[in-house]
Amino acid sequence: MPRRSSSAIPFAPGHVARISPPDDLPAGSPERGVFVDLVAGCRADFFEVTDAPLLATYSRAVVTERAASAGLKEDGYVLRDGKPSPWLPILQAATRTLSTYSRMLRLNPSARASASAAGRREPEPPMSYYQRQKLLEARDDGDEPN
């Protein structure tokens, strides 16, 4: 019988499951990609299951900010009739959301500086390709708890 990997054992000693994207972030969406990038970029125990809705909103704000920035780049900040671009308030709202949620989720540079100054844990190895794909594909094999 083949040996099961330690990542397939949900309650192995020292095993910390990363949070999964919520169902309202469909597979293949840019929002889900941002969510997975954030989760993969932090320690496995950095976020808790209760952070998932905040991370989902933060991910949506990132995608909205990117769309507004692209719209402003394409159309310009001022339209031909002298009025400001309708992308400006969208960009402002997304930027405000990102600023607020980055503090709440401890994703800003000052939160990282205080954590490293406190001498927290040693860096862990990056998320494996298979773990990342599992989060991106929105499938739940029942191997790991959320």
Side-chain angles (χ1 to χ4, degrees), residues 2-78 84-146:
R3 186 176 79 82
R4 290 178 60 182
S5 73
S6 62
S7 64
I9 302 171
F11 300 108
H15 177 78
V16 178
R18 293 183 189 266
I19 64 170
S20 299
D23 294 335
D24 61 342
L25 296 179
S29 69
E31 293 88 353
R32 190 178 190 93
V34 170
F35 186 102
V36 170
D37 288 343
L38 286 169
V39 171
C42 296
R43 291 185 329 269
D45 64 345
F46 188 80
F47 296 114
E48 296 182 18
V49 175
T50 56
D51 294 333
L54 287 176
L55 275 169
T57 302
Y58 183 88
S59 301
R60 288 186 196 97
V62 167
V63 172
T64 302
E65 188 277 333
R66 289 176 182 167
S69 294
L72 284 170
K73 184 177 181 181
E74 184 177 319
D75 300 341
Y77 284 81
V78 179
S85 171
W87 284 111
L88 282 173
I90 296 169
L91 178 66
Q92 289 172 332
T95 303
R96 190 175 305 114
T97 300
L98 289 173
S99 175
T100 302
Y101 280 55
S102 68
R103 279 191 312 251
M104 293 170 70
L105 293 165
R106 300 179 324 266
L107 296 173
N108 57 12
S110 62
R112 287 192 304 272
S114 64
S116 64
R120 289 185 111 172
R121 300 182 179 138
E122 303 227 357
E124 67 179 33
M127 178 187 282
S128 76
Y129 171 82
Y130 300 104
Q131 291 169 324
R132 180 177 170 75
Q133 286 306 111
K134 182 177 178 181
L135 291 176
L136 282 172
E137 292 174 3
R139 66 170 199 232
D140 185 17
D141 296 335
D143 289 341
E144 298 179 6
N146 279 343

Test item: Arg32 side-chain N/O and Leu135 main-chain N/O as donor-acceptor pair under 3.5 Å
yes
Give a yes or no answer on whether the side chain of Ser99 reaches the backbone of Thr95 with a donor-acceptor pair at less than 3.5 Å.
no
Which pair of non-hydrogen atoms, one from [X] and one from [Y], has the smallest distance, and what is that distance?
X: Ser20; Y: Ala52; answer: O-CB, 4.4 Å
X: Ala56; Y: Pro22; answer: CB-CG, 3.8 Å
X: Ser85; Y: Pro89; answer: O-CD, 3.7 Å
X: Leu105; Y: Phe46; answer: O-CE2, 3.4 Å
X: Pro21; Y: Leu25; answer: CB-CD1, 4.4 Å

[X] [atom1] to [Y] [atom2] distance, which is reported to the nearest 0.5 Å:
X: Leu98; Y: Arg103; atom1: CG; atom2: CZ; result: 11.5 Å
X: Leu54; Y: Ser102; atom1: CG; atom2: OG; result: 11.5 Å
X: Lys134; Y: Leu136; atom1: NZ; atom2: CG; result: 13.0 Å
X: Thr64; Y: Ile90; atom1: OG1; atom2: CD1; result: 8.5 Å
X: Phe47; Y: Leu55; atom1: CZ; atom2: CG; result: 4.5 Å

Please tabulate, one pair per line, all N/O donor-acceptor pairs under 3.5 Å involving side-chain atoms of residues 33-42, not counting sequence neighbours.
{"unit_1": "Asp37", "atom_1": "OD1", "unit_2": "Arg132", "atom_2": "NH1", "d": "2.9"}
{"unit_1": "Asp37", "atom_1": "OD1", "unit_2": "Arg132", "atom_2": "NH2", "d": "2.6"}

Please, which pairs that meet side chain to side chain donor-acceptor pair (under 3.5 Å) have at least one residue in residues 46-55, sequence neighbours excluded?
none
For Glu74, check side-chain contact (heavy atoms from CB on, under 4.5 Å) against everything at least two apart and list the hits.
none
Would you please name every residue forming a side-chain contact (heavy atoms from CB on, under 4.5 Å) with Ser128, sequence neighbours left out?
Tyr130, Gln131
Just jot down the side chain to side chain donor-acceptor pair (under 3.5 Å) partners of Glu65, sequence neighbours excluded, or say none.
Ser69
